[in-house]
Structures are given as C-alpha cells and as structure tokens.
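Letters go in sequence order (proteins before strands), and every chain restarts at 1.
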Amino acid sequence: MTFFEVAAMSEAEADIPPFRYTAAMAGEIETRWQNYWDEHGTFHAPNPSGPLSDPDHPRAGAPKLYVMDMFPYPSGQGLHVGHPLGYIGTDSYTRYARMVGYNVLHPMGFDAFGLPAEQYAVQTGTHPRKTTEENVERYRAQLRRLGMAYDNRRTLATTDVEYYRWTQWIFLQIFNSWYDPEHKRARPISALVLEYEKGDRVTPDNRAWEDLTDVERREIIDAHRLAYVSEAPVNWCPGLGTVLANEEVTPDGRSERGNYPVFKRSLKQWMMRITAYGDRLLEDLDGLDWPDKVKAMQRNWIGRSTGAHIGFPTAAGPIHVFTTRPDTIFGATYAVLAPEHALVDELVPEQWPAGVNPLWTGGHATPAEAVAAYRAEAAARTDAERTSESKEKTGVFIGVYATNPVNDARIPVFIADYVLAGYGTGAIMAVPGQDERDWEFAEVFELPIIRTVQPPEGFDGKAYSGDGPAINSAFLDGLNVDDAKAEIISWLEEHNYGYGATTYRLRDWLFSRQRYWGEPFPIVYDESGLPVAIPEDMLPVELPEVDDFSPRLFDPDDADTEPETPLSRKSDWVNVTLDLGDGPKQYRRETNTMPQWAGSCWYELRYLDPRDESSMVDIDNERYWMGPQTEGDPGGVDLYVGGVEHAVLHLLYARFWHKVLYDLGYISSSEPFRKLFNQGYIQAYAYRDGRGLIVPAEEVEERDGGFFHNGVPVFQEYGKMGKGLKNVVTPDEMCEVYGADTFRVYEMSMGPLDVSRPWATRAVVGSQRFLQRLWRLVVDEQTGESRVVDEETDAETRRLLHRVIAGVRGDMEDLHFNTAIAKLIELTNRATQVAPSREVIEPLVLMTSPFAPHLAEELWRKLGHEGSIAYVDFPTPDESQLVAESVTYPVQVNGKVRARVEVPADASEEDVRAAALEAVASSLGGKEPRKVIVVAGRMVSVVV
RNA sequence: GCCCGGGUGGUGGAAAGGCAGACACGGCCGCCUUAAAAGCGGCUGCCGAGAGGCGUGCGGGUUCGAGUCCCGCCCCGGGCACCA
C-alpha cells in the first residue's frame, strides 16, 4: 500500500467529527468555489478599452499590476508538485495585490509547439495537435484544481491558429524592417528603398539604382532585412534532422536536446539580425530589475569587446586582426591565424624562408605540407581536447612574414588552434608580454617577448595584463593603457592601418527549423528564388496536414547529409498559385518552420488584448498595462516569474522582438519584463537498491538512520522529480489527500520562493493542522455552527494582531510568503487560546485568503458576509497598537545576556539604565561599570 | 582559471549590527481512548546532574555588541571558459 492509500484509508475509517476540515471537506469546498469564481468571472481584469473593458468592475481605473509566469510546455506527464511552485507564488501575490487595491492582470497560457508532441506523432501517427490539445486540457484542469485566479478569457496556446497568425504577422514586420545604425533603431524597409531611389545611399558596386535589374535591387534590399536568408555555416544536427541555434548547442558541440553531435555546415537558412541590437540589449539591462546573475549571463552571451581592427601587410595583402589591446602593438612579435582562415592558402609560399627555426616547421619539407598536416591534426582533435587546460600550445609557421605597421618589424605568421575562426576576424596580433596565451605560445616556439606595459614593482608573473605606463612603445611611452589605446587608434586611423571597432560574441539568430510542429513562415519564393512576403491580409498561413511528421533523420555521426523538411514532401502545398498584386503567379512555399522560441517571444503582449482581430495588441491597452511609469522607465511586465534556465535563450529573444516592435511604433514599452524573479526548484529524494536499480520513493521507509525498501536497505540520492527516478508526486495526489489549500500553504511555507529545496510529503500535515485550527476557530466541528463571538479581544491579542498585520503586509510585498505564513500560524495559535473574537478572526481569514483562497471564501461566508473575499480590503494595522505597553530589555554584561528587565514602554533612558544596573548588580560583583549603552526599545549593554 | 550564489539544530528554514534557532516537520513525555489514529498540551541546539559553559564552515579583525560588516582561507551549487 502506498503512502497515499494509507492516508486516504485512515481518513475514511477514522471516527472524526462531522464538521472537521478534512481532505473530503476541503475538496467539496474547493470545487464549489472554483465553480463560483468561473460563473461570476471573479478574476476578470478590465482593460481600459476594447472588448475586455468593464467600467463597472471594482478595479476599473485602479492602479494596475501585471504579473506573469513563464508559461509551461504541456508535457504528456502532467504537472508534478515542483511545477506549480512559482504559479502558486504569483497567485498568492496577485490575490494580495487585488485586496490592497490593484487592478491585477494575471493570465496563463501554454507554449505548445515543440519536439515531444512531434516525436510522439512520428512514433504513433497521432497528430501533434491532438496530443498537444489533450495535454493542454490536462494542465488547465490541474491548475484549476489548485484554485488559480487567472483571467481565463485571456488564455492562449502558441499553437492556436489565431495566435500564430500574429506570430507570423510579427515575422513579417521584422522581415519588412532594417536596422538604421544612424537612428539606432529598426525602420520600415520602404524607407531604405526610398533612400536608394533618391540616390541618398550608394549601391555596393556604385551603380545607379535605376540601372539595376529588379532582382539586383531585391538582393540589395534583402541583405538589409532584420529577417534574412543566408548561406552561412550553421549547426547541423543529423541525428535530429534539423539545424540549431548557437544557444541550443552545448559547449562540447552537441545538441542541448537529445545530446547528438552537431556539425558546422554551410546551409541556406533564415536568420534574425539580433546582432544589430547587441548594444541596446546590453545597455538596457541596466534599467531592468532583474537578478544580477541573469544580467551577467546576458552580458556574457552578448560579449561586447571594444578595440581596433588593424591591418598587418604581407606580400599577399594585409592580415586583418582584431584586438582589444591596440596599445600593445609595439610588443606584437608574431601573428596567428585560425587554421581554417581563408587567407592561409593565399599566403603559403612554395619554400621555407632561409634560416627558419626548425621548431616552427613541424619537421615538414614545405609550408604547404606543414599547414595541411596541422589542419588535419586540429580537425581530428575534439573540442574537449582542444580546450583542455593542461594542453600545451600547438601551431605551425606558414612560411611568410607580415609587417608590424607601427615599426616595420618583420613578424612571422603562424596558424594555431588557440585562435578561433568564429570570433573577431579569426586572426590576432600576438603580444606575449601582455597576454598569457601568447606568452605560452612564445615559450613553446622561442619567439621574442617584449613588454610594453611596465608591470608594478614586485610583479613576478609572466604576461602582465593590468594597467601601467607604456614602455618600449615610441610615442606611446608613459601613457596609461586607456590613453595609449585612444592615442594609437587615432594614429592608426590617420595612417590608414586600422580603426577603432567593437565586436560581439553574439551571433545572428538562426531562425528556421526542419520540423513539422511549428509556425510556417509567411514566405513564398518566386522564379528568381528570392523570398516574397505573404501579404498581411492573407494570414494565417496554416500548417497543412501531412502523412509523415518527421524530418529525414540521419546517422547522428554522418556530417555529410542534407536537411529535408516534412513540409517539403507535400508538393501540392509547396507549389501554389497566388495573386500577390501582379496577377496570379506560381510560387514555391518556404518549407521550414519557426523555432519553438518564436511563440514565447511576444505572448506577454497578446494576453493584453487576446480578442483583438485587427491588431496584435491595441496600443492603448498595452500602454496601460506595460507602458513606462516614470521618466526613463522601460516599461514591461511588473513581475515575471520563472526558472533561471531561460536566462539567455527565451529572455534575449523576447527582448529583441519587443524592441523591434517598439521601434516600429506598435508598442510603448521598450522592454518586455521590467522585473524578473527566478523561483527555485523543488527536487526530491530517490532511492537505489544494492543492484543500482531505482525503487519507488513512496515505498521506502526510514528507520534507525537508514532507508529500506521491503526490508532491504537502499541508498538515498537527490535529483529532479521524474519518472526515471520514480519519485514523482503530483498536485492531484496532494489535493486528494490534503486538499488544494493545504498543498498551496505547504508549498508557500517551505522556504523563500527563490531557493531550491527537497520535497517532503510527510511535512505537509503541518499546513493541514494550521488550516484545521483556523477552521475550528470559526466552525464548531460537532454542529457546523459558527463559534465566533462579537466581544472584543484582550489587549495582548490585539497587539499581536496588529503586529501580524503589519508584518504580513511587508512580507507579501517582498514575496516572503514563508514568513508571512509563520506569522499567520502564530496568530492562529494565540487565537485558539482566547475567546474566538470576530475582531481577530475576520482579519486572520482575510490575511490567509491569498494562500488558502477556498477555505477563506468559505469561512468569510460563515462569518456572515456575502459574495467573494477577492476584493475585500486587506487588513490595515492600527499604528497605536504597534507600540507595546511595556518592553523587556535584555541586559548584557561584556556581551553576555545576564538578566532581563521589564519597564514601561515610555520609560526614560535613565530609568531603563537604573533598572538594568540593578538587575545585573550581582553579576557586576561590586565593580563599577565603565560604560552603559541603552539602545532604546532593544537592549542594554554594560561594560565593566 | 574567471564571475555569481550559498554554508545556521536530526530536517525545511527565521533573525533593520542588538535575546541565534521564529514557524513547521521529526523525536520524547502527557491528556483523551478498551486500543489505535486523529486532536489537544508540554519538552526538544550541543555538553553538563546542576550552576554554568560552548555554539551560525575555518582563522583573524572592526565594534559595548557580529550569523549579519572587513581581510585571508575551506567546502558546496550555478554560469562562463584559449572570445584576442
């Protein structure tokens, strides 16, 4: 028998009073109130205008509060108790906010495109839409059972045709825009066309615009679009049959999903020009109320570095390097290209130059052989080997010398795998004196080392990368690093050797996937092979029915394969006749679909105005809920709660789309999420037997400090809740055995919302006892009648009541739900010891309602009120009750507490001092105190 | 290696520089009960019979007073990592 069966049985068989707050009683109350809320639309939030406006709503025109959770992907497993932690947190917080007067918007939706439904479809033939919709319904039912106060009119799933219609519409806005670096914002592509037409902008080859063919013009324009097709190296994953974004590839070169090998291949794919927004995505982080950790991760991912591009002349043309330390150029004693660098083949000479150091040639007869051998060696090395810390620097001389433009020094050119093809220009000037990696390389290959920054006195390291005066650097000597940088950059620009530059680690976002279950692109191709946008009035482009949902899959290790999309096999859909303005013509549809991130890039906007059929969102509604509140405020959702795992991917993409829509004037906020909060995770113990097999966690007993399964010792481990570890506990089981309110209170009282913690079913009973005591304060368990009396409570209880009110309010504002609940328990425990006075019980019920809403509604009724508790004013503390009548001062002698004295709250400092000294007289042993410190209201400290 | 978090009873966790361990789980004792469960009440950081002493990862420091602030370490978790 499982824990839950035992618990359910003992309850059923127990001889309990007829009106006790049991799980069965809770279940009945909870269902009844969930129905009431639905029928009355209790949690509908009024918009200022449009179909969702409601001037008669109790919060119409009130200050607004927009709180959102990261919506879930509805998996086939349903929710476990870890999932709703954040949801219960935001639900409790928003229920509180509603009671203190806010017009609260708190919606919920589903991120429903994605791989699992598609993979299930491939295996079983079930349409992913069917699986997805069933899973969404299951999630909805589970969340409803927990009493979530969502505005259900605003719910959405990214797979709804009416939703992805607008996802496609946004794609078209991005496609039809370009980034104007002069105005530092996106502008309509038509403005760019106009510039070319007027001759304000020159074409790449300087020909006049009117002399270009239509196709040539389109190619020029397409090259500026924020969404564009490019033939570029992408991450091709044969095992998944699709390409992946950089963010979806792990550092060891495998797919984040499925852990298949990923290969760099040049393929034609859709890209989003997120790099154009690099500066703004970086700088605007400063104005966001986000965890520093997440900001740091985004900064790191964007990876902006400023420096210079510098040309180092060679016989075959200049080598362009990027450096963040142009000030050290006098110390550049060699140059390095990435092994794959395109210039290498052009540079390599027939013969080694005379007198070459044999160490540099790798023992090869000619430079060409040395290069080929090194390339083969580098390609065979895994990434892990390549970057392993202990690895000695490798490389090979390619037989040519470049010229250092500042002093005409002849410097050898190497290829080495410590220079990456994908960053900067794929080439560096090596300055061993100031760069640790270059120093190591220089030691291996016996290259000269010249310091150009004076290290501080006593510096005994090798490369010195800190600040200091320049040395050995001609006209830079004596300048500090920053000044030397500025000086050398203007010198380089003046002499045409280089220019100041900024590079980013951030790459453009690979936006197409070779999958079925995603948004189709609103794009067709004409006879020129160039993309043509589907007009907005022809949206949505619906996902067609197909027989085979899978892309073509390959041997995961076979890099030499080509993607084939599921939609491409549907030729009657791919080849289409459309009238796009110049009469019916034949077109070929785009057969890629959008990545799963697309739908979650803008859902915060659609919640605002889900029924708007003429626009994505009405800007008046957007301005009310998300607009900037003060000068310099970026606007956005007031509180966005979710896991830290989305720190880079989702949050960076969503910010990017939001900024494009802002630039184009569709919305008033420049950031989607003003405040971000990362909730912790609930994990659980799992158990393995002697053979290493997982046993069901709920069947394990703990005794004598050990764990046993059917009497056999097992070993405890800790991890994510999941089928694999056989340690899943579901909210449905919790509702069954304890009721939703108990479950909610338990999750909120376990600890602070942002801390991860282990699940402990057996501890849930503490929350149930709390709610049962609260219930008993109001309801006679034998008769079901109210026990509450109208007499005032005693003075001490009254002071506690107001202290609790003040404390709970503060805790709620700070999302400190665990301490708020502790205070409510304290008040409840006090209230059970005195007469059940309405003066105490009503505010107690109100304060408990954000956490245990069904129970609170029920008790509010029993206290004689009508309607819902949802919009009743939250209790306000009586300030006069917050000052105690008397204060107990601990008295310290030399830092140790030796006595306590109770004095009237208004006692003077002298009186407190006198009382304290008298109380510790014996501890002083007749010695005269050297110093007596009285901290008003706190304590007395005596020093002898 | 670098950048963030975090180390408090048997457990989850509380503590504007001011009584360390609120609240809860578990444990022990008691009431109720033929009995058990539920419920209710009491005790529960460690050492000590007690008086008392010791206690917030370790070592220093500032302070009348440090879990909290400063310096140097150790351990755990997360992120990044040859990014020029």
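The interatomic distance linking A/Tyr423 (OH) with B/C80 (C1') rounds to 14 Å, in whole Å. For the pair A/Glu645 CD and B/G5 P, the interatomic distance rounds to 20 Å; values are reported in whole Å. B/C80 atom P lies 15 Å from atom CG of A/Leu506, rounded to whole Å. Taking atom OH of residue A/Tyr418 and atom C1' of nucleotide B/A81, one finds them 17 Å apart after rounding to whole Å. In this structure, A/Phe770 places its CZ atom 15 Å from C1' of B/A22, rounding to the nearest Å. What separates CD of A/Gln683 from P of B/U11 is a distance of 18 Å, to the nearest Å. Protein atom CZ of A/Arg803 is 12 Å distant from nucleotide atom C1' of B/A22, rounded to whole Å. To the nearest angstrom, C1' of B/C82 lies 14 Å from CD of A/Glu392.
The same atom, P, is picked in B/U62 and in B/G9; the two are 28 Å apart, to the nearest Å. The C1' atoms of B/C31 and B/A35 are separated by 15 Å, rounded to the nearest whole Å. Separation of the P atoms belonging to B/G77 and B/C70 is 25 Å when rounded to the nearest angstrom. A gap of 12 Å separates the C1' atoms of B/U63 and B/G18, to the nearest Å. Separation of the P atoms belonging to B/G52 and B/A20 is 15 Å when rounded to the nearest angstrom. B/U68 sits 15 Å from B/G61 when the C1' atoms are compared, rounded to a whole Å. The same atom, P, is picked in B/G78 and in B/C71; the two are 26 Å apart, to the nearest Å. A gap of 15 Å separates the P atoms of B/A66 and B/G59, to the nearest Å.
The stretch residues 747-755 of chain A touches RNA chain B through A/Met750, A/Pro752, A/Val755, each having a heavy atom under 4.0 angstrom from the strand. Within a heavy-atom distance below 4.0 Å of RNA chain B, the residues of residues 816-828 of chain A found are A/Asn818, A/Thr819, A/Ala822, A/Ile825, A/Glu826.
Residue contacts shown for A/Asn829 are limited to sugar-phosphate atoms, with no base heavy atom under 4.0 Å away. Nucleic acid contact for A/Arg507: none, since no nucleic acid atom lies under 4.0 Å from a heavy atom of the residue. Among the heavy atoms of the strands lying under 4.0 Å from A/Val943 are primed sugar atoms or P, OP1, OP2 only; no base atom is included. Counting any heavy atom pair closer than 4.0 Å across all strands shown, A/Gln772 reaches sugar-phosphate atoms only and no base atom. At the heavy-atom level, A/Asn300 lies under 4.0 Å from the strands shown only through sugar-phosphate atoms. Residue contacts for A/Arg505: at a heavy-atom cut-off of 4.0 Å it reaches a base atom on one of the strands shown. Residue A/Ser756 is in sugar-phosphate contact alone, with no base atom involved, counting any heavy-atom pair closer than 4.0 Å across all strands shown.
Applying the 4.0 Å criterion to OP1 and OP2 of B/C40, one finds that A/Arg776 has a side-chain N or O inside that range. OP1 and OP2 of B/A24 both lie 4.0 Å or more from every side-chain N or O belonging to A/Arg769. Phosphate proximity of B/C40 to A/Arg20: absent, as no side-chain N or O sits under 4.0 Å from OP1 or OP2.
Each of A/Trp301 and A/Arg304 was matched to the nucleotide of RNA chain B holding its nearest heavy atom; the match closer to the 5' end belongs to A/Trp301. For the pair A/Met429 and A/Tyr746, both in contact range of RNA chain B, the more 5′-proximal nearest nucleotide belongs to A/Tyr746.
For A/Arg757, counting side-chain heavy atoms from C-beta on, the closest listed nucleotide (B/G18, B/A84, B/G13) is B/G13. Side-chain atoms of A/Lys293 lie closest to B/C4 of the nucleotides B/C25, B/C4, B/G65. In the set B/G18, B/G79, B/A24, B/A24 carries the atom at the smallest distance from any side-chain atom of A/Arg773.
Put simply, the side chain of A/Arg505 never gets that close to the backbone of A/Ile302: no donor and acceptor are under 3.5 Å apart. At distances below 3.5 Å, at least one donor-acceptor pair connects side-chain atoms of A/Asp467 with backbone N or O atoms of A/Val481. The backbone N or O of A/Gly331 lies less than 3.5 Å from no partner atom in the side chain of A/Thr328, so there is not a single donor-acceptor pair. A distance-only check finds a donor-acceptor pair linking the side chain of A/Glu248 to the backbone of A/Ala245 [under 3.5 Å]. A/Arg254 places no side-chain N or O within 3.5 Å of a backbone atom of A/Val249 that could act as its donor or acceptor partner. A donor-acceptor contact shorter than 3.5 Å is absent between the side chain of A/Thr452 and the backbone of A/Phe330.
Using a 4.5 Å heavy-atom threshold, the side chains of A/Asp289 and A/Leu676 count as separate. Taking the side chain as every heavy atom from C-beta outward, A/Tyr746 and A/Gln768 never approach each other to under 4.5 Å.
A cation-pi arrangement, defined by a distance under 6.0 Å to the six-membered ring centre and an angle within 45 degrees of its axis, is absent between A/Arg20 and A/Trp775. Both cation-pi conditions hold for A/Lys393 and A/Tyr418: the charged atom is under 6.0 angstrom from the six-membered ring centre and inside a 45 degree cone around its axis.
Between A/Phe851 and A/Phe817, the ring planes are perpendicular. Angles over 60° get that label, and only those under 30° would be called parallel. In this structure, A/Phe707 and A/Tyr687 have tilted ring planes: the angle between them lies in the 30° to 60° band.
For B/G10, the glycosidic angle deviates from 0 by more than 90°, giving an anti base.
Looking at A/Asp417, A/Val413, A/Val419 one by one, the single match for side-chain contact (heavy atoms from CB on, under 4.5 Å) with A/Val336 turns out to be A/Val419.
Heavy atoms only, all atoms of each residue included: A/Val932 and A/Arg913 are closest at CB-NH1, 3.5 Å.
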Apply salt bridge (Lys or Arg N to Asp or Glu O under 4.0 Å) to residues A/Lys462 and A/Glu436 and explain how you reach the verdict. CA-CA 7 Å; A/Lys462 295 179 171 180; A/Glu436 212 176 298; over 6 Å; no

Would you sketch RNA chain B in dot-bracket for me? Only Watson-Crick or G-U wobble pairs with both distances under 3.5 Å count, crossing pairs as [ ], other-strand pairs as |, the rest as dots. (((((((..(((.....[....)))((((((.......))))))(((....)))..(((((..]....))))))))))))....

